[in-house]
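Along the sequence shown, the residues carry numbers beginning at 1. Values in this document were obtained by computation on a predicted structure and should not be read as measured data.
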Amino acid sequence: MARELAAVLEDPEPTLDPNDLVRDGIGPERWFDCLVAEVDGRLIGYAMVCRGYEAHMAKRRLWLSDLYVRTDARRTGAGRTLMVEIARLAIGQGCEAVYWDLWRLNRVGKAFYESLEAVEIKRSCHLACWQPPARSGRGRRTFAA
């Protein structure tokens with residue numbers, strides 16, 4: 001699915017080695033966590049997140065590096081479910097926020113994040129940085145289930 005995402009974004013095809021994914025995604029020294037969505041044993045989407053830390057604020061963050069749902073599985077709730085699980089993961093890890101970049105020409109992605117009430121917080125020439133909406137309560141940002 002990472003290749004499918006790269007094609008959608010018109011990025012070069014990634015050079016993926018399963019050994020690298022195992023090395024970097026499994027065990028206590030892993031660099032990322034991967035969540036998958038499946039229906040009847042068929043993978044329909046995935047999300048990859050990495051831990052971040054801002055020393056000047058002493059805040060933990062979770063960075064969403066990839067979110068992808070196959071075209072034929074969109075509008076089924078899979079993307080929203082993945083985002084809710086990411087929010088739960090962030091809360092469980094004591095993160096103050098979840099953030100991600102979005103290629104500015106990705107109108108489908110923008111509409112999806114807007115449907116979650118996510119807020120664009122920064123814009124560059126090619127990317128926009130987003131975060132979940134503010135919620136009442138403990139001051140955490142999360143998505144409604």
Side-chain angles (χ1 to χ4, degrees), residues 1-134 140-145:
M1 282 190 284
R3 286 187 173 92
E4 292 173 29
L5 176 59
V8 166
L9 297 176
E10 298 177 3
D11 281 346
E13 184 169 327
T15 54
L16 296 172
D17 182 334
N19 294 316
D20 293 338
L21 295 174
V22 169
R23 179 196 67 220
D24 294 338
I26 295 177
E29 300 297 319
R30 68 185 175 275
W31 281 86
F32 65 86
D33 289 301
C34 184
L35 294 84
V36 297
E38 65 177 310
V39 173
D40 298 327
R42 178 180 170 257
L43 292 178
I44 61 167
Y46 78 99
M48 293 181 79
V49 294
C50 306
R51 287 179 212 91
Y53 190 80
E54 294 195 32
H56 70 286
M57 297 176 65
K59 299 287 184 185
R60 293 178 179 185
R61 309 287 174 122
L62 206 56
W63 177 59
L64 173 63
S65 61
D66 286 358
L67 175 65
Y68 179 73
V69 175
R70 288 190 161 137
T71 304
D72 64 344
R74 292 185 184 156
R75 307 189 76 69
T76 64
R80 176 176 290 275
T81 299
L82 285 166
M83 292 299 286
V84 166
E85 290 305 313
I86 289 166
R88 287 186 180 136
L89 183 64
I91 290 167
Q93 293 183 11
C95 294
E96 185 268 340
V98 176
Y99 63 99
W100 59 91
D101 300 326
L102 179 67
W103 183 48
R104 288 187 53 212
L105 298 178
N106 183 348
R107 291 184 301 255
V108 172
K110 182 179 181 191
F112 170 72
Y113 293 128
E114 286 174 343
S115 79
L116 298 176
E117 299 178 15
V119 179
E120 185 176 335
I121 58 172
K122 182 177 158 188
R123 183 180 285 208
S124 70
C125 57
H126 298 294
L127 298 173
C129 296
W130 292 69
Q131 66 185 19
R140 296 191 185 264
R141 296 175 182 269
T142 188
F143 299 104

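- The two atoms that bring L102 and G109 nearest to each other are CD2-C, 4.0 Å, heavy atoms only.
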Before giving the answer on side-chain contact (heavy atoms from CB on, under 4.5 Å), spell out for R61 and C95 the whole-Å C-alpha distance, their side-chain angles and the decisive distance to 0.1 Å.
CA-CA 5 Å; R61 309 287 174 122; C95 294; 5.7 Å; no
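- Shown here are the side chain to side chain contact (heavy atoms under 4.5 Å, CB included) partners of T15, two or more places apart in sequence or in another chain: there are none.
- One distance of note links CG of L64 with CG of L35; it measures 9.5 Å at 0.5 Å rounding.
- Between E13 and R3 there is a salt bridge, since at least one side-chain N of the basic residue sits less than 4.0 Å from a carboxylate O of the acidic one.
- With Y113 as reference, L67 is the one residue of V108, L67, N106 to meet the side-chain contact (heavy atoms from CB on, under 4.5 Å) rule.
- E85 contributes atom CD, which lies 13.0 Å from atom CZ of R80 (distance to the nearest 0.5 angstrom).
- One distance of note links OH of Y68 with CD of E4; it measures 4.0 Å at 0.5 Å rounding.
- Of all heavy-atom pairs between V98 and A90, the closest is CG2-CB, 3.6 Å.
- When all heavy atoms of I44 and A78 are compared, the pair lying nearest together is CD1-CB, 3.7 Å.
- Atom CE of residue M1 and atom SG of residue C34 lie 7.5 Å apart, to the nearest 0.5 angstrom.
- A heavy-atom distance below 4.5 Å is not found between the side chains of L62 and Y99.
- Note: R51 CZ to F32 CZ = 11.5 Å, rounded to the nearest 0.5 Å.
- For residues 37-48, the set of pairs meeting the salt bridge (charged side-chain N to carboxylate O under 4.0 Å, His left out) definition, not counting sequence neighbours, comprises R42-D72.
- Annotation for A58 and Y53: closest pair CA-OH, 3.3 Å, computed over non-hydrogen atoms.
- Scanning both residues, A47 and I86, for their nearest heavy atoms gives CB-CD1, 3.6 Å.
- A donor-acceptor pair under 3.5 Å is formed between the side chain of R70 and the backbone N or O of L43.
- Atom-to-atom distance recorded for M48:CE and L21:CG is 6.5 Å, nearest 0.5 angstrom.
- Across every non-hydrogen atom of Y46 and A2, the tightest pair is OH-CA, 3.4 Å.
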